[in-house]
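Some notes on the structure that comes next.
Note that the structure is predicted; figures quoted are calculated from it, not measured.
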Amino acid sequence: MYSILMIFLIISIFPFYWMFIGATNDSGKMFTNPPTLTPGDQFMKNFQNLNESINIPQVMFNSLFVSLIYVVAALAVCSLAAYAFAKYEFKGRNFIFTAFLLSMMIPYQATLIPLFRMMSELNLLNTYFAVIAPQLCYPFAIFLLRQNFLAFPTELIEAARLDGAGELKIFLQVVAPSMRPALAAASIFLFMTQWNSFMWPLVVLNDASMYTFPVALSSLMGLSYIDYGQVMMGVSIATIPIIIFFLILQKQFISGMLGSAVK
């Protein structure tokens, strides 16, 4: 079993190792035969070239700002929606929830033109709000959180109501604290969704100073020449926040996913 796990571990880690090797070598060594598998001496040169091309601090700020604001806002929207679907009885509840799930089958590209026209008519193009707002109601996050809210004892909610607590207070002080693993799991999915988002920011942003990492990295792809050392350096830097975010919430993420499956 450990031998099989080691094989899968090597297969999983090798792309990251290859990415790091590419970030420390020039483009020519990326395509040598046999391939170069040892670190090179071009790390600082690739970093400097990348910074000159895309302004790393500005792009990092844009991506972190958009992603963190999105996580907080989307988590608030999705958790309240999931709580309503799980604990409130209202006409059409199952139909609306099914419609949410079916919306996951619609290709995102099909919504680009209506969303772009909407943002254009509202004069919101080239703003952080335009990047963040369209995906605040994320169907998968609602589904994940709803499955956890269903397992929360309804009796505790009714007891809190008898004690005079309002609905928002019940959610924030009674229900939400016990749902931290599920909220952490949803946070990771939401963060990765926004951090890796490319198509919509590319469409809605036209100012290079507001580019997020995926959009900025796409600008490195020239028509006649591509500096793969820069590209690999950029991908390496863009991967670090996702890894850090996951490691911080790792225990809660696993608990949330297992809890959802069991429940």
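Annotation: salt bridge (charged side-chain N to carboxylate O under 4.0 Å, His left out) contacts involving residues 158-171, sequence neighbours excluded, comprise Arg161-Glu167.
Rounded to the nearest 0.5 angstrom, Asn62 CG and Ser67 OG are separated by 10.0 Å. Taking CD of Gln135 as the reference point, atom OH of Tyr108 lies at 4.5 Å (rounded to 0.5 Å). Separating the CG atom in Leu80 from the CD1 atom in Ile142 is a distance of 10.0 Å, to the nearest 0.5 Å. Note that CE of Met6 is 8.5 Å distant from OG of Ser3, once rounded to the nearest 0.5 Å. Atoms CD1 and CZ, from Ile56 and Phe213 in turn, are 6.0 Å apart once rounded to the nearest 0.5 Å. The CG atom of Leu190 lies 8.5 Å from the CZ atom of Phe245; values are rounded to the nearest 0.5 Å.
Closest approach of Leu183 and Ala176 over heavy atoms only: CD1-O, 4.0 Å. In terms of heavy atoms, Trp200 sits closest to Pro134 at NE1-CG, 3.6 Å. Among all heavy-atom pairs drawn from Ala86 and Phe149, the shortest one is CB-CB, 3.5 Å. Shown here for Val174 and Phe152, the closest heavy-atom pair between the two residues is O-CZ, 3.7 Å. In terms of heavy-atom proximity, Asn49 sits nearest to Asp227 at ND2-OD2, 4.3 Å. Between Pro39 and Asn25, the shortest heavy-atom contact is C-ND2, 4.2 Å.
In the model, Gln230 has a side-chain atom that pairs as donor or acceptor with a side-chain atom of Ser53 under 3.5 Å.
No side-chain heavy atom of Val203 sits less than 4.5 Å from a side-chain heavy atom of Leu115. Using a 4.5 Å heavy-atom threshold, the side chains of Gln194 and Val131 count as touching. Side-chain contact check for Leu205 versus Val215: every heavy-atom pair is 4.5 Å or farther apart. In this structure, Val59 and Leu217 have side chains that are not in contact, with every pair of non-hydrogen atoms separated by 4.5 Å or more. Annotation: side chain of Tyr211 is not in contact with side chain of Ser218 (no heavy-atom distance under 4.5 Å).
Between Phe100 and Phe85, the ring planes lie perpendicular to each other; the angle is over 60°, past the 30° to 60° tilted range.
The distance between the ring centers of Tyr70 and Phe191 does not fall below 6.0 angstrom. For Phe189 and Tyr138, the ring centers sit 6.0 Å or farther from each other.
Residues Phe143 and Met105 fall into different hydrophobic clusters, defined by Ile, Leu, Val, Met, Phe, Trp and Tyr side chains chained together at heavy-atom separations under 4.5 Å. With hydrophobic clusters built from ILVMFWY side chains whose heavy atoms lie under 4.5 angstrom apart, Leu145 does not share a cluster with Leu150. Note on Leu37 and Met232: same hydrophobic cluster, where clusters join Ile, Leu, Val, Met, Phe, Trp and Tyr whose side-chain heavy atoms are under 4.5 Å apart, directly or indirectly. Hydrophobic clustering, with ILVMFWY side chains joined whenever heavy atoms are under 4.5 angstrom apart, groups Met60 together with Ile244.
More than 12 non-hydrogen atoms from other residues, nucleotides or ligands lie less than 6.0 angstrom from CG of Leu5. Within 6.0 Å of CZ on Phe129 lie no more than 12 heavy atoms contributed by other residues, nucleotides or ligands.
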side-chain contact (heavy atoms from CB on, under 4.5 Å) for Leu64 and Trp195? Distances and angles first, verdict last. CA-CA 8 Å; Leu64 286 175; Trp195 183 269; 3.6 Å; yes

Set out, in order, the CA-CA distance, both residues' side-chain angles and the distance that settles side-chain contact (heavy atoms from CB on, under 4.5 Å) for Ile96 and Phe90, then state yes or no. CA-CA 10 Å; Ile96 296 174; Phe90 56 90; 4.2 Å; yes

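When the salt bridge (Lys or Arg N to Asp or Glu O under 4.0 Å) test is applied to Glu89, the partners found at least two apart in sequence or on another chain are Arg93.
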